[in-house]
Amino acid sequence: MTATVRNFEGQDDTSILREIQAALNGLKFGSVEITVHNGQVVQIERKEKFRLQAPSNKNS
């Protein structure tokens, strides 16, 4: 896992929404968590899940 520090202070709502959209882009399974303190977005966290399927047994 990696963390990137970005300065949201002074950014407008459009910039923050762009960051949220970027976190959602390409996400098939998972979640995006937005943390707010004192009415300000302070963190956007993306959790992605990869589901592995067992090979199907077609020898029945």
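Within the model, atoms CD1 of I34 and CD of Q43 stand 11.0 Å from one another, a figure rounded to the nearest 0.5 Å. Between E33 atom CD and I20 atom CD1 the span is 12.0 Å, to the nearest 0.5 Å. Atoms CZ and CZ, on R51 and F29 in that order, are 6.0 Å from each other to the nearest 0.5 Å. The OG atom of S31 lies 7.0 Å from the NZ atom of K49; values are rounded to the nearest 0.5 Å. Residue E19 holds its CD atom at 12.0 Å from OG1 of T14, rounded to the nearest 0.5 Å.
V32 places none of its side-chain heavy atoms less than 4.5 Å from the side chain of E45.
The minimum heavy-atom distance between G30 and L27, with the atom names listed, is C-CD2, 4.1 Å. Minimum heavy-atom separation, H37 to V42: CD2-CG2, 3.1 Å. Nearest heavy atom pair, residue I44 against residue A23, reads CG2-CB, 4.0 Å.
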